[in-house]
Amino acid sequence: MAGMAVARSGLFRANASKVLPSQSRQTSWIRCYDTNKAASEENAKPNKGYFGRDTIADAAAKIAPAVASLYAPKRGQNVDAEIGSGTAIHEDGYILTCAHVVFDTTNVVYSADGKVVVRLQEAEKEVVGHVADAYADLDIAIIKIEKPTSPLSTAKVGSSSKLRPGDWAIAMGCPLSLQHTVTLGIISCAHRMSNELRRGGMMEYLQTDCAINPGNSGGPLCNVDGEVVGVNVETIKPDKASGVSFAVPVDFISAILKPFQNCQSPVRPDFGWVMRNVSDGVLVQMVIKGSPADRARIRTGDVVVEFNGKQVRDLKEMMDAMGERSGAPVKVCVKRGGDALGPLTITFVEKDVARFAANPRSRF
């Protein structure tokens, strides 16, 4: 769409006069009212207590250790790279981010092996990660870094369905690779549909007025409780409008996120594939070697047409069919070279771990 810019390249500059509130206003407490349940201020009831001068800072502090800076080298290039942000969502080293941080406009992974350089705000050095799952049309990807020596600090995922226009929104991330960056705004629209942005599909976005700059893409959008409610994806170019940014709501991608919240070793929460919509289903654009999808003999170029007995015509239907996975095997039917195959069973328990658990002497 004309005027739309993914938050990833160029510098945005805005000049504005600063009007600071008085010290008394800065230190005063503001009572939050649930205006939906009261017709007047006299009858209103406090909503979650009080909103104080430390509320935003406390919320940002809760999620900051889980925020990561990402750097995706482009295939065959030594200098140019894509920058972005991410959020640790599983203690074993899974990072939630945007697909466009690791894909170019033709949906090709930047680096041949899907390599991404990751720096967590609580880490002293950079680590190398790889694409574990990606859903191009949803602009969502999962990066896996090597299992850390101690569990990662992870973000708490909240609910986006409860958000209303006017609710506070906190954008976390690494614009221009500047870590520990926080911007504040409000939810401008809680249900902005993709067709309103002159796009196809049935995507849904949170619209905010948070400052989103190059490198913010993939970072978390949070509520005042420090919970992730969205994934920042893009903003309108400043020469077209200001204060118009978008995030993918977490409830829209809950089928992707739930396993990372619920699954523990030896159950893997990822499929190990890169997916995008095509006219007759969902194309498997890439399969990660050794992943659950690879073990199920799913191959690059397959088109998923059925998931757990439900017809799948696009990623939205695939998300609905996934439901809330708990680590149980799933069955998919695919088309391969014009032939129908399946069902193929995807299992998420690591075979080596499962075999050792059943027979501890088997690996010696």
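As a basis for the values below, the full set of heavy atoms in this structure was taken, side chains included, without hydrogen atoms, waters or symmetry mates.
The shortest side-chain heavy-atom distance between His100 and Glu82 falls under the 4.5 Å cut-off. Counting only heavy atoms from C-beta outward, the side chains of Val305 and Val312 never approach each other to under 4.5 Å. Residues Asp294 and Arg299 meet the side-chain proximity criterion, which asks for heavy atoms closer than 4.5 Å. Taking 4.5 Å as the limit, some side-chain heavy atom of Val330 sits within range of a side-chain heavy atom of Phe271. Between Pro214 and Leu176 the shortest side-chain heavy-atom distance falls below 4.5 Å. Between Ile142 and Asp270 there is no side-chain heavy-atom pair separated by less than 4.5 Å. Counting only heavy atoms from C-beta outward, the side chains of Lys144 and His130 never approach each other to under 4.5 Å. Within the 4.5 Å cutoff, side-chain heavy atoms of Val304 are placed close to those of Met275.
Looking only at distances, a side-chain donor or acceptor of Asn223 sits under 3.5 Å from a matching main-chain atom of Glu227. A donor-acceptor pair is defined here as one N or O able to donate and one able to accept, closer than 3.5 Å; no such pair exists between the side chain of Asp58 and the backbone of Thr55.
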Could you go through the side chain to side chain contact (heavy atoms under 4.5 Å, CB included) check for Ser85 and Met172 one step at a time?
CA-CA 8 Å; Ser85 303; Met172 305 281 291; over 6 Å; no
Candidate pair Ile145 and Val118, rule side chain to side chain contact (heavy atoms under 4.5 Å, CB included), full reasoning:
CA-CA 8 Å; Ile145 64 174; Val118 179; 3.8 Å; yes
Set out, in order, the CA-CA distance, both residues' side-chain angles and the distance that settles side chain to side chain contact (heavy atoms under 4.5 Å, CB included) for Val244 and Thr235, then state yes or no.
CA-CA 6 Å; Val244 183; Thr235 188; 5.7 Å; no
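The SG atom of Cys333 sits 7.0 Å away from the CG atom of Leu344 when rounded to the nearest 0.5 Å. Between Asp167 atom CG and Ser160 atom OG the span is 11.5 Å, to the nearest 0.5 Å. Distance check: Ile95 CD1 to Leu152 CG gives 6.0 Å after rounding to the nearest 0.5 Å. Atoms OG and CG, from Ser279 and Asn277 in turn, are 10.0 Å apart once rounded to the nearest 0.5 Å. Leu96 contributes atom CG, which lies 8.5 Å from atom CD1 of Ile256 (distance to the nearest 0.5 angstrom). Expressed to the nearest 0.5 Å, how far CG of Leu138 lies from CE of Met318 amounts to 10.0 Å.
Val334 and Leu283 fall into different hydrophobic clusters, where Ile, Leu, Val, Met, Phe, Trp and Tyr are joined by side-chain heavy atoms under 4.5 Å apart, directly or via other members. A single hydrophobic cluster is seen to contain both Ile253 and Met319, as judged by linkage of ILVMFWY side chains at heavy-atom distances under 4.5 Å, directly or through other members. Under a hydrophobic-cluster definition in which Ile, Leu, Val, Met, Phe, Trp and Tyr are linked whenever side-chain heavy atoms come within less than 4.5 Å, directly or via other members, Ile187 and Val248 are assigned to different clusters. When hydrophobic clusters are built by joining Ile, Leu, Val, Met, Phe, Trp and Tyr residues whose side-chain heavy atoms come closer than 4.5 Å, directly or via intermediates, Ile212 is not grouped with Val229. Each of Leu221 and Ile140 belongs to its own hydrophobic cluster when Ile, Leu, Val, Met, Phe, Trp and Tyr are linked at side-chain heavy-atom distances under 4.5 angstrom.
Sequence neighbours left out, not one pair with a member in residues 338-349 passes salt bridge (Lys or Arg N to Asp or Glu O under 4.0 Å). Note on residues 303-319: pairs passing side-chain hydrogen bond (donor to acceptor under 3.5 Å, both in side chains), not counting sequence neighbours, are Arg313-Glu317, Lys316-Asp320. The list of ring-ring contact (aromatic ring centres under 6.0 Å, His included) pairs with a residue in residues 136-184, not counting sequence neighbours, reads Phe51-Trp168.
Closest heavy-atom contact between Glu91 and Pro151: OE1-CB, 3.6 Å. Minimum heavy-atom separation, Phe307 to Ala321: O-CB, 3.8 Å. The nearest pair of heavy atoms linking Pro220 to Asn232 is O-ND2, 3.3 Å. For Val233 against Ser217, the heavy-atom pair with the smallest separation is O-OG, 3.2 Å. Scanning all heavy atoms of the two residues, the minimum distance from Pro175 to Asn216 falls at CB-OD1, 3.4 Å. Between Ala60 and Val182, the closest heavy-atom pair is CB-CG2, 4.1 Å.
When the side chain to side chain donor-acceptor pair (under 3.5 Å) test is applied to Arg336, the partners found at least two apart in sequence or on another chain are Asp302. Among residues two or more places apart in sequence or in another chain, the salt bridge (Lys or Arg N to Asp or Glu O under 4.0 Å) test is passed with Lys331 by none. Considering only residues two or more places apart in sequence or on other chains, Thr97 meets the side chain to side chain contact (heavy atoms under 4.5 Å, CB included) condition with Leu70, Val101, Ala141, Ile143. With sequence neighbours left out, the side chain to side chain donor-acceptor pair (under 3.5 Å) criterion links Ser69 to no other residue. In this view, Asp280 and Val278, Val303, Lys335 satisfy the side chain to side chain contact (heavy atoms under 4.5 Å, CB included) rule, not counting sequence neighbours. The side chain to side chain contact (heavy atoms under 4.5 Å, CB included) search around Thr300 returns Val287, not counting sequence neighbours. Residues passing the side chain to side chain contact (heavy atoms under 4.5 Å, CB included) test with Ile288 are Met286, Ser291, sequence neighbours excluded.
When the shell of 6.0 Å around CD of Gln261 is examined, it contains more than 12 heavy atoms from other residues, nucleotides or ligands.
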Enumerate donor-acceptor pairs with a distance under 3.5 Å from any side-chain N or O in residues 203-211 to protein atoms, sequence neighbours excluded.
| from | atom 1 | to | atom 2 | distance (Å) |
| --- | --- | --- | --- | --- |
| Glu204 | OE2 | His191 | ND1 | 3.0 |
| Tyr205 | OH | Arg199 | NH1 | 3.0 |
| Gln207 | OE1 | Arg192 | NE | 2.8 |
| Gln207 | OE1 | Arg192 | NH2 | 2.9 |
| Thr208 | OG1 | Cys210 | N | 3.2 |
| Asp209 | OD1 | Ile186 | N | 2.8 |

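Using a 4.5 Å cut-off between side-chain heavy atoms of Ile, Leu, Val, Met, Phe, Trp and Tyr, Val128 forms no hydrophobic cluster with any other residue.
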